[in-house]
Number of protein chains: 2
Amino acid sequence: MRDVALAAGVSQATVSNAYTGSGRLSPGRREHVFAVARELGYPGPSGAGRSLRTGRSGAVGVMVTDALTFALEDAAAVELLRGIAAVGEAREVALTLLPFPVGVDEAAAVAASIRRGVVDGFLVWSMPDGHPAVEAAAARREPMVLIDGPRLDGVPLVGVDDEAAAREAGAAVLAGGPGGRRGVAAVASDSGPGRVAAGPGGGRRQVPGLSAGGRGQVAAGPAGEADGRQRVAVLVDRLSPDGHTGRVDAARLRAARDQVARERVAGFLAACDAAGAEATVIEAGGFSPRDFRAAASAALEINGVDAIFAATDAVALAALAELSERGVDVPGQVAVLGFDGTAEAARVGLSTVDQPLVEKGSHAMRMLLAAIEHEDPESLLLPTRLELRATT
Amino acid sequence: MRDVALAAGVSQATVSNAYTGSGRLSPGRREHVFAVARELGYPGPSGAGRSLRTGRSGAVGVMVTDALTFALEDAAAVELLRGIAAVGEAREVALTLLPFPVGVDEAAAVAASIRRGVVDGFLVWSMPDGHPAVEAAAARREPMVLIDGPRLDGVPLVGVDDEAAAREAGAAVLAGGPGGRRGVAAVASDSGPGRVAAGPGGGRRQVPGLSAGGRGQVAAGPAGEADGRQRVAVLVDRLSPDGHTGRVDAARLRAARDQVARERVAGFLAACDAAGAEATVIEAGGFSPRDFRAAASAALEINGVDAIFAATDAVALAALAELSERGVDVPGQVAVLGFDGTAEAARVGLSTVDQPLVEKGSHAMRMLLAAIEHEDPESLLLPTRLELRATT
DNA sequence: CTGAAAGCGCTTACAG
DNA sequence: CTGAAAGCGCTTACAG
């Protein structure tokens, strides 16, 4: 910039003003500056210099789950990202997807990685409690907004009441469905190719009014089919990032570091408890479809299992694939319930708890931008809606 | 950092060395520095300062299509991003999704937006020729790798031969399918819930050996069903970013600024031409499912249309939804062919040209990182594979 | 409307 | 193993 100023016969301040377009420059001079810059091959002001000087980078750091690659396999994460991106685009803020060493628990290495990011604030989605990357971000003392988890004192959060939503959804399935709240099954969705997976039992449900009382109302039907399910497998992707796979006991659940997973499982268990159904919690231990399939497979080894409550749609969809491959009738033999309300769930007729994912992202992003402008955004709890479709 | 140095009784260089972990510091001193930093509330070295000093930011700028929000609705873009992210994660490089004013053609505003990014290089996917954001990025003279398009002299590119792949796929469909290359239809895919959309005509195809000769071999079947399709609607999301919607003439196609769209359409048309089938090109003019549905609807108004060749899976899936809603038999009355090979296409049994999207992303990212290290990566053409499934 | 000056926060080459 | 010094590229408050 100094060279351009020299060559153009103006001060460096004038070159800067030409680019920032502050209007503090006569058009003629401005054009002249640009012409000289072009001639010298000056690429325009460097972002690094401007960031250092202004204290603003125009980017926010985004951390999704603890492995970006897996997040991009999860439709729920992508929908959330879409909400974030929409606001970013409108406000011309870049989204910096931050990397950190995966599987490494060395706090120093993770912290260093987070520190490298040139960002004005952080958006954190669904990271485990105490994750070093979150702590490193918090230590930066830059604005931060949490989505779903972890919960951090004094840091605004956007979320839903996962525990209550899971509890109510579980209760509804165990009771045979609450009156009037179910979605329309076996009908083409608007955005997809219109294929709906209605199993043979897809149309059978109790008359709404009759099922309100809770469990014990077993519908007449072929072998094992019942709306009052008795043995539930609760499937969860991960409760804590320690590689555990398979059955989960009460102590492990209590100590779970994944806020959302913990709450949803707790909600499902409360529903089972209230309905007198037996529940087994099985943890996939990872986020790949293969992990999910293995967990579903383990669930089906439970003697007499007649319902699967999955902590996310992704897990539920993998369970459906496993059931389909084994020729198990859904929901005749096994009911399946998801959580998230992804587009894919609607497409295949998966019963689920719908949460406004795109809005979650856009709200969080707006809150973060407000915080960057030194406003003081408040935490926000969004509503959920139970969508009973063909799999329950 | 100066304050920490002062308080710790060391030089600023020593504080810096403590954080960069260069090992040029005795452990005792290092711990002491950290302790003082904690006490003073020093959040660690700022990324902006380090970026300015080292000339590296540790982030690469990513531009996908010309609206991030739409890109995140497209499974193909997300798969590509996953490839990029996997390499970024492994090499600890952040991905900065760059925003630019959408729908604004004011080059100066777009350029300013791109310049703000603190990045070490650019990854560009599927932007229109001459887009001001790409030109602004190129003007920065930082390393750049193009994915699919635009083509820029001297800038390495990762892509496939879209024209040839589309031509061969179109020819195969018009001829009734080449022997031995079709996928397995009506079988559960591995990763999805296993629902496959086999229309009533899903199983009918010519015996491979008989159909090799090309058109004119009309299979016996109900009304209008034929493997030698006669009237093809070629559906494309967008040829140029000017809002055009509906039929496309030769001049518009020739002038198309979206490299990939242009090539795929040209390939489909060449196939129709060779097979003596009549073809009409229809442009959706945007990237939303609604745009795609409208284009599909327009296609179905073509008298006697018996095949839809879509330039992307996303468009083909929207067409399938439209056909399903109208009760049109696929492929009995209308065959549908996509392009991209997304997971969703496999799930619903859509015939498509499969391209290695994840690898495309990971290759491009590796090439960019090599370019940043002053290596000189070469352009790369990846293979495609025709997947004939239930919709043709 | 334009310029001179200061300083944002760091890292590194060099010297000891 | 540690320190003194320089400078990365910019923008802005101030003066004229």
Trainee: Applying ring pair (Phe, Tyr, Trp, His ring centres under 6.0 Å), can you list everything that pairs with A:Phe287, at least two apart in sequence or on another chain?
Mentor: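 Partners of A:Phe287 under the ring pair (Phe, Tyr, Trp, His ring centres under 6.0 Å) test: none.
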Trainee: Over how many whole Å does the gap from A:Tyr19 atom OH to D:dT11 atom P extend?
Mentor: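 Going from A:Tyr19 (OH) to D:dT11 (P), I get 11 Å.
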Trainee: Can you pull out every side-chain hydrogen bond (donor to acceptor under 3.5 Å, both in side chains) where at least one residue sits in residues 135-145 of chain B? Sequence neighbours excluded, please.
Mentor: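 Passing the test, one end in residues 135-145 of chain B: no pairs.
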Trainee: Once side chain to side chain donor-acceptor pair (under 3.5 Å) is applied, do any residues pair with B:Ser288, and if so which ones, sequence neighbours excluded?
Mentor: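 Expected list: B:Asp291.
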Trainee: Do nucleotides 4-10 of chain C as a string where each nucleotide becomes B, S or -: B if the base has a protein heavy atom under 4.0 Å, S if just the sugar-phosphate does, - if no protein is that close.
Mentor: B-BBBBB
Trainee: Excluding sequence neighbours, so at least two apart, what forms ring pair (Phe, Tyr, Trp, His ring centres under 6.0 Å) with B:Phe70?
Mentor: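 Not a single residue meets the ring pair (Phe, Tyr, Trp, His ring centres under 6.0 Å) criterion with B:Phe70.
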Trainee: So, is B:Ser26 close to the D:dC1 phosphate, meaning a side-chain N or O under 4.0 Å from OP1 or OP2?
Mentor: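 It does not, given that no N or O in the side chain of B:Ser26 lies less than 4.0 Å from OP1 or OP2 of D:dC1.
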Trainee: Restricting to pairs with a member in residues 47-60 of chain A, which pass side-chain hydrogen bond (donor to acceptor under 3.5 Å, both in side chains), not counting sequence neighbours?
Mentor: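 For residues 47-60 of chain A, and leaving out neighbouring residues, the side-chain hydrogen bond (donor to acceptor under 3.5 Å, both in side chains) pairs sorted by first residue read A:Ser57-A:Asp120.
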Trainee: Holding to ring pair (Phe, Tyr, Trp, His ring centres under 6.0 Å), I want the full list of residues that pass it with B:Phe100, two or more places apart in sequence or in another chain.
Mentor: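 Only B:His131 meet the ring pair (Phe, Tyr, Trp, His ring centres under 6.0 Å) criterion with B:Phe100.
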Trainee: Give the rounded distance in Å between these two atoms: CZ of A:Arg30 and P of C:dC1.
Mentor: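 It is 13 Å, rounded to the nearest whole Å.
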Trainee: Return each pair, listed once, that meets side-chain hydrogen bond (donor to acceptor under 3.5 Å, both in side chains) where at least one residue sits in residues 89-100 of chain B; pairs must be two or more places apart or across chains.
Mentor: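 Only A:Thr69-B:Glu89, A:Thr96-B:Thr96, A:Ser113-B:Glu92, A:Arg116-B:Glu92 qualify under side-chain hydrogen bond (donor to acceptor under 3.5 Å, both in side chains).
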Trainee: Could you spell out the base pairing of DNA chain C in dot-bracket, with Watson-Crick or G-U pairs whose two distances are under 3.5 Å, [ ] crossing and | to another strand?
Mentor: |||.||||||||.|||
Trainee: Going by an N to O cut-off under 4.0 Å, is there a salt bridge joining B:Arg257 and B:Asp242?
Mentor: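 A salt bridge is absent here (no side-chain N lies under 4.0 Å from a carboxylate O).
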Trainee: For B:His32 and D:dT2, what is the distance between atoms NE2 and C1' respectively, to the nearest whole Å?
Mentor: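 For the pair B:His32 NE2 and D:dT2 C1', the rounded distance is 15 Å.
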